[in-house]
Amino acid sequence: MASAELRGLYAITPERTDGARLLAEVEAALQGGCRILQFRDKQHTMPECVARARALRTLTRRYDASLLINDDIALCTLVDADGVHLGVDDGNLKLARAILGPQRLLGASCYADLATARIADAAGADYVAFGAIYPSSTKPNAVRASVDLVFQAKTTLTAKICAIGGITVDNAAPVIAAGADLLAVITDLFDAPDIAARATQYQRLFA
């Protein structure tokens with residue numbers, strides 16, 4: 001996926017002990033129209049993460065969707081993922097871009113700091129992520145980023161803008177109106193009673 005196509009729902013995998021359940025939930029999101037997925041796993045061993053990432057790589061290819069790996073360039077390369085997402089303490093962005101090359105995607109967490117986003121933009125990040133936009137059940141202590149910050153970033157940066165944190169289909173419209181190209185969602189997507197239908201709802205917000 002080219003950076004120009006970075007738009008819409010950006011699903012981030014939930015922590016699931018059951019790998020089969022995780023794959024079924026991700027497939028439902030893909031069936032609903034999601035085309036960007038980040039694999040994030042802070043619980044399992046490396047062999048387990050490799051196995052899950054490979055299964056997700058197969059699944060995303062089936063739906064012509066992009067797979068990004070959270071915080072792990074080596075795993076991204078190993079499973080031939082489409083890119084990596086790095087936090088502020090997870091590595092040098094310029095080095096990451098050099099390792100990944102021009103074809104893979106590079107995303108960067110910028111929290112509520114426009115200056116950090118400018119540095120990431122200059123380093124070659126395809127998108128910068130701001131959040132938490134709203135109170136987040138996944139990261140309840142996360143710093144808050146305003147919708148106005150999304151607007152400032154959209155009007156000053158080359159990179160695409162991703163919003164994350166507490167986003168739901170009911171509160172997403174102002175964030176998109178402010179300039180968010182991507183909505184990163186975990187809970188409101190994967191805890192929905194119908195994941196495919198919820199993914200479709202998100203995609204329609206960008207129509």
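- The heavy-atom pair separating Ala11 from Leu189 by the smallest distance is CB-CD2, 3.5 Å.
- Under the 4.5 Å side-chain heavy-atom criterion for Ile, Leu, Val, Met, Phe, Trp and Tyr, Tyr202 and Val26 are members of the same hydrophobic cluster.
- If you take OG1 on Thr17 and NE2 on His44, they are separated by 6.0 Å, rounding to the nearest 0.5 Å.
- Heavy-atom minimum distance, Leu30 versus Leu59: CD1-CG, 3.8 Å.
- Annotation: side chain to side chain contact (heavy atoms under 4.5 Å, CB included) contacts of Ala159 (sequence neighbours excluded): Asp121, Val128.
- Although no hydrogens or angles enter the test, the distance criterion places a donor-acceptor pair under 3.5 Å between the side chain of Asp126 and the main chain of Leu106.
- Contact annotation: the side chain of Val150 approaches that of Ile133 to within less than 4.5 Å [non-hydrogen atoms, C-beta and beyond].
- Under the ring-ring contact (aromatic ring centres under 6.0 Å, His included) criterion, Tyr127 pairs with Tyr10, His85, not counting sequence neighbours.
- In this structure, Gln38 CD and Leu68 CG are separated by 6.5 Å, a value rounded to the nearest 0.5 Å.
- Looking at every heavy atom in both residues, Gly179 comes nearest to Ile161 through O-CB, 4.0 Å.
- In terms of hydrophobic clustering, with Ile, Leu, Val, Met, Phe, Trp and Tyr side chains grouped at heavy-atom distances under 4.5 Å, Val175 and Leu114 are assigned to a common cluster.
- Listed by first then second residue, pairs satisfying side-chain hydrogen bond (donor to acceptor under 3.5 Å, both in side chains) with a partner in residues 149-159 read Asp148-Gln152, Lys154-Asp181, not counting sequence neighbours.
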Using distance only, find each side-chain donor-acceptor pair of residues 74-81 under 3.5 Å and give its atom names and separation, not counting sequence neighbours.
residue: Thr77; atom: OG1; partner: Ile73; partner atom: O; Å: 3.1
residue: Asp80; atom: OD1; partner: Arg104; partner atom: NH2; Å: 2.8
residue: Asp80; atom: OD2; partner: Arg61; partner atom: NH2; Å: 2.6

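- Grouping the Ile, Leu, Val, Met, Phe, Trp and Tyr side chains by contacts below 4.5 angstrom, directly or via other members, places Val84 with Leu95.
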**Request:** Mind running side-chain contact (heavy atoms from CB on, under 4.5 Å) on Asp82 and Arg57 for me, showing each step along the way?
**Result:** CA-CA 9 Å; Asp82 298 293; Arg57 172 72 290 187; 3.0 Å; yes
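- Minimum interatomic distance between Phe206 and Ala180 (heavy atoms only, all atoms of both residues): CE2-O, 3.8 Å.
- Two different hydrophobic clusters hold Leu86 and Ile69 under the rule that ILVMFWY side chains link at heavy-atom gaps under 4.5 Å.
- Considering OG1 of Thr60 and CD of Glu27, their distance stands at 11.0 Å, rounded to 0.5 Å.
- Taken to the nearest 0.5 Å, the CZ atom of Arg54 stands 13.0 Å off from the CG atom of Leu67.
- No donor-acceptor pair under 3.5 Å is formed between the side chain of Arg40 and the backbone N or O of Pro14.
- With respect to the salt-bridge test (charged N to carboxylate O, under 4.0 angstrom), the residues Arg16 and Asp41 do not qualify.
- Not counting sequence neighbours, the partners of Gln201 by the side chain to side chain contact (heavy atoms under 4.5 Å, CB included) test are Val169, Arg198.
- Counting non-hydrogen atoms of other residues, nucleotides and ligands closer than 6.0 Å to CZ of Phe151 gives a total of 12 or fewer.
- Taking each heavy atom of Gly87 and Tyr111 in turn, the nearest pair found is CA-OH, 3.8 Å.
- Note that the OG1 atom of Thr168 and the CG atom of Leu183 stand 10.0 Å from one another [nearest 0.5 Å].
- Between Gly32 and Gln203, the shortest heavy-atom contact is O-CG, 4.3 Å.
- Cluster annotation: Ile195 and Phe39 are assigned to the same hydrophobic cluster (Ile/Leu/Val/Met/Phe/Trp/Tyr, side-chain heavy-atom contacts under 4.5 Å, transitive).
- Applying the under-4.5 Å side-chain rule to Ile, Leu, Val, Met, Phe, Trp and Tyr, the cluster around Ile164 extends to Ile12, Ile186.
- For the atom pair CG (Leu105) and CG (Leu6), the distance works out to 5.5 Å, reported to the nearest 0.5 Å.
- A 4.5 Å side-chain heavy-atom check between Met46 and Asp72 finds at least one atom pair inside the cut-off.
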